[in-house]
Amino acid sequence: MGSEATRSLALDFASQIAPPGAIDIRRFFGGSALVRNGAQFGFVMKGTLYLRVDAAMRAEFEADGSEPFSYRAAGREVTVRRYYAVPAHVIDDPSLLRRCSERAFDATPRPARKSSKATLAVSLPG
């Protein structure tokens with residue numbers, strides 16, 4: 001699956017999950033990331049939607065036969081257990097897909113806000 005097809009699939013999933021513009025689609029290695037409020041909660045890679053999971057969601061996805069994202073690097077298999085392929089029955093049910101996506105977003109750490117170097121000056125009457 002080419003990068004345009006992957007992006008198109010990611011846009012399709014995003015439109016099912018949230019209102020237009022609520023999810024950004026960004027390049028992510030050979031796929032497309034799903035990002036909301038600066039937090040990547042999922043991605044599409046080689047035609048498969050992966051969502052960030054917490055322990056409970058991981059157990060549910062595994063019970064459905066889902067597997068974690070994996071790739072080959074430096075001659076070995078790397079498994080990323082934070083992201084699991086979304087089971088087909090979830091993808092086929094728009095309300096269930098939205099609920100799982102919300103859970104994935106909730107399981108995703110938010111980017112830290114940059115702290116300001118500014119100091120607050122206080123003048124005491126006196």
Point-to-point distance, once rounded to the nearest 0.5 Å, from [atom1] of [X] to [atom2] of [Y]:
X: Arg36; Y: Asp24; atom1: CZ; atom2: CG; answer: 11.5 Å
X: Ser32; Y: Leu11; atom1: OG; atom2: CG; answer: 7.5 Å
X: Glu60; Y: Cys100; atom1: CD; atom2: SG; answer: 7.0 Å
X: Arg103; Y: Arg98; atom1: CZ; atom2: CZ; answer: 15.5 Å
X: Arg7; Y: Arg26; atom1: CZ; atom2: CZ; answer: 11.0 Å
X: Ile25; Y: Thr6; atom1: CD1; atom2: OG1; answer: 11.5 Å

According to a hydrophobic-cluster definition based on side-chain heavy atoms being under 4.5 Å apart (Ile, Leu, Val, Met, Phe, Trp, Tyr only), do Phe13 and Ile23 belong together?
yes

Return yes when atom CD of Gln16 has more than 12 non-hydrogen atoms of other residues, nucleotides or ligands closer than 6.0 Å, and no otherwise.
yes

Please say whether more than 12 non-hydrogen atoms of neighbouring residues, nucleotides or ligands are located less than 6.0 Å from CZ in Arg82.
no

Please tell me if the side chains of [X] and [Y] come closer than 4.5 Å, counting only heavy atoms from C-beta onward.
X: Met57; Y: Tyr84; answer: no
X: Val44; Y: Leu34; answer: yes
X: Leu96; Y: His89; answer: yes
X: Leu51; Y: Phe105; answer: no

Could you list the residues that satisfy salt bridge (Lys or Arg N to Asp or Glu O under 4.0 Å) with Arg27, not counting sequence neighbours?
none

Show me the pairs that pass ring-ring contact (aromatic ring centres under 6.0 Å, His included) and involve residues 21-51, at least two apart or across chains.
Phe28-Phe43, Phe43-Tyr50, Phe43-Phe69, Phe43-Tyr83, Tyr50-Phe69

For residues 71-80, which side-chain donor-acceptor pairs fall under 3.5 Å, sequence neighbours excluded?
| from | atom 1 | to | atom 2 | distance (Å) |
| --- | --- | --- | --- | --- |
| Arg72 | NH2 | Gly75 | O | 2.9 |
| Glu77 | OE2 | Ser70 | OG | 2.9 |

Which heavy-atom pair separates [X] from [Y] by the least distance, and what is that distance?
X: Leu97; Y: Ile17; result: CG-CG1, 4.2 Å
X: Ala39; Y: Arg110; result: CB-CD, 4.1 Å
X: Gly31; Y: Met45; result: N-SD, 3.6 Å

Just by distance, do the side chain of Asp64 and the backbone of Ser66 share a donor-acceptor pair under 3.5 Å?
no

